[in-house]
K.L.:
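If you scroll down you'll find the structure; I have some questions about it.
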Amino acid sequence: MAPTPPSNESRSPVKMSPIKPSSSNTSIPERPSICTTPVTLTPRTSGETDRSVIGTIANVRKDTYKKDPSQRIFVGRSLRLEKIKFFGFDMDYTLVNYKSPAYETLMFQHTIERLINIGYPDDLRSFQYDPNFPVRGLWFDKLYGNLIKVDGFGNILVGTHGTRSMKPQEIEEFYPNKFLKLIDNRVIVLNTLFNLPDMYLLAKLVDYFDALPNYKKTADKSGVRSGDVVMSYKAIAQDVLSAVNFVHRSGGMKDYVLAHIDTYVHKADDMRSMLLQLRSAGAQTFLLTNSEYKYTNGLMTHLAGADWSQLFDIAIVDAKKPDWFSESTVFRQVDTVTGTHKVGMHAGPLKRGHIYAGGSCDALRRLMKFRGKDTLYVGDHIFGDVLRSKKSRGWRTFLVVPELNHELSIWTERHVLFETLAQLDMQLGKIYKNLDFKSTNTSQVEIADAVKAIRKVTHEMDQSYGALGSLFRSGTRTTFFATQVERYADLYSSSCYNLVHYPKFYFFRAPMMLLPHESTVDHLAKVKPDMRKTTQVITARQPALCHEDIEDDVVSDDKNNNSEVFAADQGTKDYVQKGAEKSGGS
């Protein structure tokens, strides 16, 4: 068996040979030497620990053994790459990366034209897409026309009405306790990259109708009214979703993209080498996309050559995810000349080089004879690709998050803000340290000043990412999107092509997740004797278990797991199902 590297971002000095692209002009940066920063140990008295030394050593380890952040794959659950026998890939925003904001601007403009065609005013043509405004993971409240960023429990972190930021008092007027439950007929979860122009258009339409002089706000604040005409925010949302679906289904926009492919699609120099090297290492690969054959063939031929289908053991188009993971439909072979589906169900073995449409996870599992834990599926759609494949089938998951490079650049460049926030938190902790239930409120002014300073720094941090802040957090609190990533993505990275920077036998090891009592209590803190549990002497022990191996074997695909799905499963079902049916969205 091949040797196993110690952990994600290995600490071993042994040099591993990653899967390298075949292109001769592509090189992978070498790891730096084991220790590039000198560590000076200062004298200390007996029993005393120099914490600065510990911190310095920790920093040396972080700086020395990490890859370039843009090349890294981050780990949510431990995974041994050598155990993966089947690699599945989505196409849109995974193998094929669109140029931003050019592609979003095109979708924005086509959707506006559709709205004008169904009766909206020509004034909408004056709208200009602003890529700095939208961020994935927001909820659109169809009742009040608000965009809100929430945490994993529905607690509201940030809110806007249209493009106008809402103050905390205003948020509480709409949402008592600053909380909103995820309800199908009220909330649209804007979780995908295809949703970014939709999000900004919804906000601009709310602004537009609120500002019309002949329209007044309704008494229940659910829309605006002019005489007998009521324009509710729910109706606006329905019209936008209908227009978006029309744009994706009609084919006009896709034909335009194919005709101007260099304007809207990035090159994929590593696609062929990555797929060929995965197969040369003994793994099988398959393509699973919602896009129809004509569009898929046009993009893949441009990026990987006319023989692109030979790069996959099986290629499936028109998959209709997320239903593909739970419903049973038939495979149909695609006529690659006409692009149509051949009549009748395909019952024989699936052949390399042939293209198939539809099908289901059950049918593919029978034909390819794989188990869920043997399969790593790579996609960008948190619901349609990652959540469903994980919850319904127990597949291992790799989420592509293109925004990650931007998030990391802010995380590193604006580190002073994060350090300031930590200092303010420590300052507040010092104020409270010696206070108890009997304390008077003499420290209220000092506490209020510290809280005000924390809010100011938090706001400045959020604005560094964009108008609506980070994809993953608001200040110290993680977002709904971050919670989904943490729960359902075994791996995540800015690009699926980062796989070329890791050997096929790599051990992706998840970092220890600390609970609050572990992350906030120093290992060197003194614990009162009466708080300690009596130490028991163990004379016999069972052999230790390898927790990473347990992690690999925890799920099985043989039985369909119909257990409760996270709140997002229900809250995004209708909208995501519509979005998944867009031929361009996978």
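None of these values were measured; they are calculated from a predicted model. Sequential numbering from 1 along the given sequence is applied to the chain's residues.
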K.L.:
Measure centre to centre between the rings of Y200 and Y129, then say whether the value is under 6.0 Å.
P.N.:
yes
K.L.:
Side-chain contact test, heavy atoms from C-beta onward, threshold under 4.5 Å: evaluate it for V485 versus L399 and give yes or no.
P.N.:
yes
K.L.:
Less than 4.0 angstrom from a charged side-chain N to a carboxylate O is my criterion; do D90 and K321 meet it?
P.N.:
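Answer for the salt bridge query: yes.
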K.L.:
Quick one: sort the Y356 and H354 rings into parallel, tilted or perpendicular, breaks at 30° and 60°.
P.N.:
tilted
K.L.:
Among all residues two or more places apart in sequence or in another chain, which pass the ring-ring contact (aromatic ring centres under 6.0 Å, His included) test with F86?
P.N.:
F370
K.L.:
Would R332 and D318 pass as an ion pair if we require N to O under 4.0 Å?
P.N.:
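Judged by the 4.0 Å cut-off on N to carboxylate O distance, R332 and D318 do not form a salt bridge.
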K.L.:
According to salt bridge (charged side-chain N to carboxylate O under 4.0 Å, His left out), who are the partners of E407, at least two apart in sequence or on a separate chain?
P.N.:
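Residues passing salt bridge (charged side-chain N to carboxylate O under 4.0 Å, His left out) with E407: none at all.
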K.L.:
Using a 6.0 Å cut-off, check whether atom NZ of K181 has over 12 heavy atoms from anything other than its own residue.
P.N.:
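At most 12 heavy atoms, drawn from other residues, nucleotides or ligands, come within 6.0 Å of this atom.
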K.L.:
Considering only NZ, NE, NH1 and NH2 on the basic side and carboxylate oxygens on the acidic side, decide whether K320 and D323 come within less than 4.0 Å.
P.N.:
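Between D323 and K320 there is no salt bridge, as every charged N stays at least 4.0 Å from the carboxylate O atoms.
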K.L.:
Can you check whether K142 reaches I236 side chain to side chain, under 4.5 Å on heavy atoms?
P.N.:
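They are not in contact (no side-chain heavy atoms under 4.5 Å apart), so the answer is no.
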K.L.:
Tell me whether the rings of Y264 and H260 are parallel (<30°), tilted (30 to 60°) or perpendicular (>60°).
P.N.:
perpendicular
K.L.:
I'd like to check M91 versus L299 (side-chain heavy atoms, cut-off strictly below 4.5 Å). Are they in contact?
P.N.:
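Contact flag for M91/L299 side chains = yes.
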K.L.:
So, R279 side chain and L311 main chain: donor-acceptor pair closer than 3.5 Å or not?
P.N.:
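At least one qualifying donor-acceptor pair exists.
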K.L.:
Using a 6.0 Å distance limit plus a 45 degree cone around the ring axis, check whether K149 lies over the aromatic ring of F481.
P.N.:
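No - K149 does not lie over the ring of F481 by the 6.0 Å and 45° rule.
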K.L.:
Go through it in stages, so that I can follow the logic: the residues are K342 and D335, the test is salt bridge (charged side-chain N to carboxylate O under 4.0 Å, His left out), and I'd like the CA-CA distance, side-chain angles, deciding distance and then a yes or no.
P.N.:
CA-CA 6 Å; K342 293 184 178 181; D335 186 327; 5.6 Å; no
K.L.:
Centroid separation under 6.0 Å, is that true for the rings of F194 and H381?
P.N.:
no
K.L.:
Could you tell me whether the side chain of W411 reaches within less than 4.5 Å of the side chain of Y465, counting heavy atoms only?
P.N.:
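SC-SC contact between Y465 and W411 confirmed.
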K.L.:
Hey, do the aromatic rings of Y502 and F508 have their centres closer than 6.0 Å?
P.N.:
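That pair passes the under 6.0 Å test.
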K.L.:
Do K504 and E82 meet the salt-bridge criterion of a basic N to acidic O distance under 4.0 Å?
P.N.:
no
K.L.:
For Y492 and F74, what are the C-alpha separation, side-chain angles and deciding distance, and is it a ring pair (Phe, Tyr, Trp, His ring centres under 6.0 Å)?
P.N.:
CA-CA 5 Å; Y492 67 97; F74 300 91; 5.6 Å; yes
K.L.:
Please confirm whether the backbone N or O of T479 pairs with a side-chain atom of T483, one donor and one acceptor, at under 3.5 Å?
P.N.:
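Such a contact is found between T483 side chain and T479 backbone.
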K.L.:
Can you name the closest pair of heavy atoms from H266 and L303 and give their distance?
P.N.:
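In this case the closest contact between H266 and L303 is O-CD2, 3.4 Å.
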K.L.:
Got a donor-acceptor contact below 3.5 angstrom from the W395 side chain to the K373 backbone?
P.N.:
no
K.L.:
Does this structure show an ion pair linking D374 with K83, if we count only N-O contacts that are shorter than 4.0 Å?
P.N.:
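Judged by the 4.0 Å cut-off on N to carboxylate O distance, D374 and K83 do not form a salt bridge.
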K.L.:
Is it the case that the ring center of Y98 lies less than 6.0 angstrom away from the ring center of Y93?
P.N.:
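For Y93 and Y98, the ring centres are under 6.0 Å apart.
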K.L.:
Residues in side chain to side chain donor-acceptor pair (under 3.5 Å) with D307, at least two apart?
P.N.:
R272
